[in-house]
Amino acid sequence: MTRPISDLDVPLPVVEAEAWNLAHPVGTPVIAYPGFRPEDDPDATRIVTTTRSKATVLGGHTAVVWVHGHSACIALSHIDVRTHATDGEAAELRHLLIDADPDATTRQFVDLRKGRKP
């Protein structure tokens, strides 16, 4: 028999942070909204980035994560996971693939965004 989360002695932010960490490793591509979300403010700041920490609980009340390009933590409610790599991330992945093959004599690779040779 399962119990609802409200019956557990674990604060909800701890559950949110642990669930985030199980699903999203450090380095996950995200869109971060450090102030307001765009549905609350059309001029909201939007940072296309990756996470640089595991999620933790701030002050016992808010599940947060740190991201590259921003100096403060951001509430998980203001983080959206990205599913597509930026051009820079795709180039870095191609670079890592070339370096990973010590027998490579030709720099031949596939454009990860389009599935074809560049």
Side-chain angles (χ1 to χ4, degrees):
M1 177 177 162
T2 59
R3 298 177 357 196
I5 289 177
S6 58
D7 287 352
L8 300 176
D9 270 345
V10 179
L12 186 56
V14 172
V15 174
E16 291 170 338
E18 290 300 319
W20 171 272
N21 292 334
L22 286 172
H24 309 290
V26 173
T28 295
V30 296
I31 300 172
Y33 306 99
F36 295 97
R37 288 191 60 86
E39 49 276 16
D40 298 326
D41 178 1
D43 297 324
T45 300
R46 177 180 190 243
I47 304 171
V48 177
T49 185
T50 57
T51 60
R52 61 182 172 104
S53 74
K54 288 184 172 186
T56 59
V57 178
L58 177 68
H61 54 75
T62 306
V64 299
V65 70
W66 280 259
V67 299
H68 293 280
H70 191 68
S71 60
C73 59
I74 299 176
L76 291 183
S77 61
H78 288 180
I79 299 285
D80 292 335
V81 176
R82 290 187 292 127
T83 57
H84 301 291
T86 65
D87 289 343
E89 290 166 339
E92 178 64 17
L93 185 53
R94 285 193 299 268
H95 172 72
L96 292 173
L97 290 172
I98 291 170
D99 289 349
D101 184 2
D103 296 328
T105 56
T106 306
R107 291 184 169 240
Q108 187 135 353
F109 48 83
V110 173
D111 185 330
L112 300 174
R113 291 171 292 124
K114 298 182 176 127
R116 59 190 162 106
K117 292 181 183 174

Discussion item. Using every non-hydrogen atom in the two residues, find where Arg37 and His78 come nearest and quote the distance to one decimal.
Written reply: CG-CD2, 3.3 Å
Worksheet entry | Gap separating the CD atom of Glu16 from the CG atom of Asn21, nearest 0.5 angstrom | 12.0 Å
Worksheet item: Is the closest side-chain heavy-atom distance between Arg82 and Thr50 below 4.5 Å?
Response: yes
Discussion item. Please find the pair of heavy atoms, one from Ile47 and one from Pro34, that lie closest to each other, and give the distance.
Written reply: CD1-CG, 3.8 Å
Item to complete: Using atom types as modelled and distance alone, determine if a side-chain donor or acceptor of Thr51 lies under 3.5 Å from a backbone N or O of Thr28.
Response: yes
Discussion item. So which atom in Ala17 and which in Ala63 form the shortest heavy-atom distance, rounded to 0.1 Å?
Written reply: N-CB, 4.1 Å
Worksheet item: To the nearest 0.5 Å, what is the distance between CZ (Phe36) and CG (Asp43)?
Response: 11.0 Å
Worksheet, complete the sentence: Joining Ile, Leu, Val, Met, Phe, Trp and Tyr whenever any side-chain heavy atoms lie under 4.5 Å apart, the cluster holding Val67 also takes in Trp20, Val30, Val65, Ile74, Leu76, Ile79, Val81
Worksheet item: Which heavy-atom pair separates Ser53 from Trp66 by the least distance, and what is that distance?
Response: OG-N, 3.0 Å
